[in-house]
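Working notes, beginning with the structure itself.
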Amino acid sequence: MSEQASTAPRVVLGVGGGIAAYKVAHLLRLLTESGHAVRVVPTRAALEFVGAPTWAALSGQPVATEVWDDVHEVPHVRLGREADLVVAAPATADLLARAAHGLADDLLTNTLLTARCPVLMAPAMHTEMWDHPATRANVQTLRARGVVVLDPASGRLTGADTGPGRLPEPDEIFAACTDLLARGAWTRDLAGRTVVVSAGGTREPLDPVRFLGNRSSGKQGLALARVAAARGADVVLVSASALPAPAGVRHVPVETAQQLRDAVVDAAVDADVVVMAAAVADFRPSEVSGHKIKKSDDGGAPTVELVRNPDVLAELSAQRSRPGQVVVGFAAETGDPGADVLTHARAKLARKGCDLLVVNEVGVDKTFGADTSSAVILDRDGGEHVVSEGPKSALAHAVWDAVVDRLPAPSR
Ligand code: CTP
C-alpha cells in the first residue's frame with residue numbers, strides 16, 4: 001500500500017457484480033476524500049459493469065481481481081490482514097453466498113476470509129433474490145458471525161420494478177463505514193426488538209403556502225434510526241424531516257404534530273422502545289386558511305391565534321402500550337439565572353415521565369443541522385452519562401446502549 005496507508009484508515013472496498021457498482025464509485029470518492037486509503041477489489045463480474053481504470057484512478061491504488069496478480073506480495077492474505085475495514089458493495093446474492101460458505105475463489109472472497117477487522121456488506125439485488133430462503137439464510141449466517149449486513153433500500157430497481165433490493169445510498173454506506181471504523185464493532189443487540197423513532201421538525205400550516213416550523217434538521221433522529229437498524233432492530237421512523245430515510249427502516253412521513261402523534265401512538269402499540277427525537281411544535285394556528293392569506297389594502301397584518309398541540313412524549317410515557325416499554329425523550333435546554341441546564345432537564349424528565357432524557361445544551365454558538373453534537377443522557381433512577389462532542393451516530397449508539405440496559409429480557 002502507499003505511504004498514506006501508514007496513517008490513514010485502510011479500507012478494502014470489494015465491489016460485487018451488480019448494476020449498482022456504478023454507485024460505488026461515489027462511495028469510493030467519499031472514502032478517499034475523507035482521508036481513507038482504499039484498495040478496490042472488484043469481482044470479475046463487477047468489471048463487466050465498471051472497468052478497472054475507473055477504480056484505479058479514483059483510488060490511486062492498483063486494482064486486482066484475482067489472487068494471481070502480484071503474487072510475490074501475497075495479496076490474498078495481506079489485504080485482509082492489514083485492513084481496518086472491509087466493505088463489500090454491491091453485495092450480490094452470489095457474493096453473500098460465497099462469503100457465507102467460506103469460498104475463496106477470487107481475491108475478494110480470500111480477503112473476506114483473512115480479514116480480522118469489521119466487515120460491512122451492502123446488498124443489492126432483485127426483490128425475489130433478496131427474499132429467497134437461500135439468501136435469507138446466508139445473511140443470517142453472516143450476521144451471526146458478526147458481519148454487518150445492511151438491509152437494502154426499497155425503491156426503483158434496475159428495470160421498471162420497485163421493491164426492497166436497492167443498494168443503500170452511498171452516503172448511507174459511507175456513514176455506516178465511518179461509524180464502524182470509530183466504534184470497532186456492532187452487536188445485533190436490538191435483534192427481535194421493534195423500535196419507533198420520531199425525527200425532524202413538524203410544520204403547522206397557516207394556509208396552503210405558509211407554515212410555522214422550527215430549525216430541526218432531523219439528522220439526530222435519522223442517525224438513531226440508522227444505528228438501530230444496523231444493531232438489528234425493526235425500525236419505524238416517523239419523520240417530519242426533509243432528509244431521506246435510511247435503508248432498511250419503515251418510513252412514515254408526516255408533517256404536523258397531530259400527524260406525528262397519530263403515527264407514533266399507532267406504531268408504539270407493538271414497540272419495545274419509542275424515541276422522541278422530533279422537535280414537535282407546541283402550538284399550531286387555531287385555523288388553517290383554505291386559500292393564501294392576502295395582504296389587506298389598509299396596511300394591517302393578520303393576527304394568528306395559536307392553540308396547544310398534544311404532548312406526545314408525556315402521553316406515551318403515561319400510557320405504556322407494553323409492560324417494560326422504554327420511552328426516551330430529547331430536550332434542548334439553556335441554563336438561566338434560576339437553574340442550570342441539568343436542573344431544568346431533571347425537572348423535565350420528571351414532568352414528562354419518560355425513562356431516559358437526552359439533554360443537549362443549546363445556545364447562540366450551537367447550530368441546528370450540525371453533523372456533531374454532545375449530550376448528557378439522564379435516566380429516571382438518577383443516572384447521568386456524558387457523551388462528549390462527536391458524530392451524531394456516536395450519540396445514537398450511546399442512547400441505544402442506555403436503552404439496551406433498561407430493556408427487559410426478550411420473551412421467547
Ligand atoms: N415533545 C412532544 N410533544 C410536544 C412537544 C415536545 O412529544 N408537543 C417531545 C419532544 O419530542 C422531546 C421532548 O418532548 O422528546 C422535549 O421537548 P421540549 O420542546 O424540550 O419540551 P417541552 O415540553 O416543549 O418543554 P419546554 O417548555 O421546555 O419547551
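In listed order, ligands and their atoms are each counted from 1.
A donor-acceptor pair under 3.5 Å links the side-chain atoms of Arg136 to the main chain of Trp130, judged by distance alone. The backbone N or O of Asp272 lies less than 3.5 Å from no partner atom in the side chain of Thr194, so there is not a single donor-acceptor pair.
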task: Evaluate side chain to side chain donor-acceptor pair (under 3.5 Å) for Asp179 paired with His397, printing each intermediate quantity in order.
output: CA-CA 10 Å; Asp179 189 16; His397 275 295; 3.0 Å; yes
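Every protein residue with a heavy atom nearer than 4.0 Å to ligand 1 is included here: Met276, Ala278, Val280, Ala281, Asp282, Pro310, Asp311, Val312, Leu313, Gly329, Phe330, Ala331, Lys348, Lys352.
In this structure, a donor-acceptor pair under 3.5 Å is absent between the side chains of Arg10 and His36. Side-chain atoms of Thr256 and Glu204 include no donor-acceptor pair closer than 3.5 Å. Between the side chains of Asp340 and Thr343, at least one donor N or O sits under 3.5 Å from an acceptor N or O.
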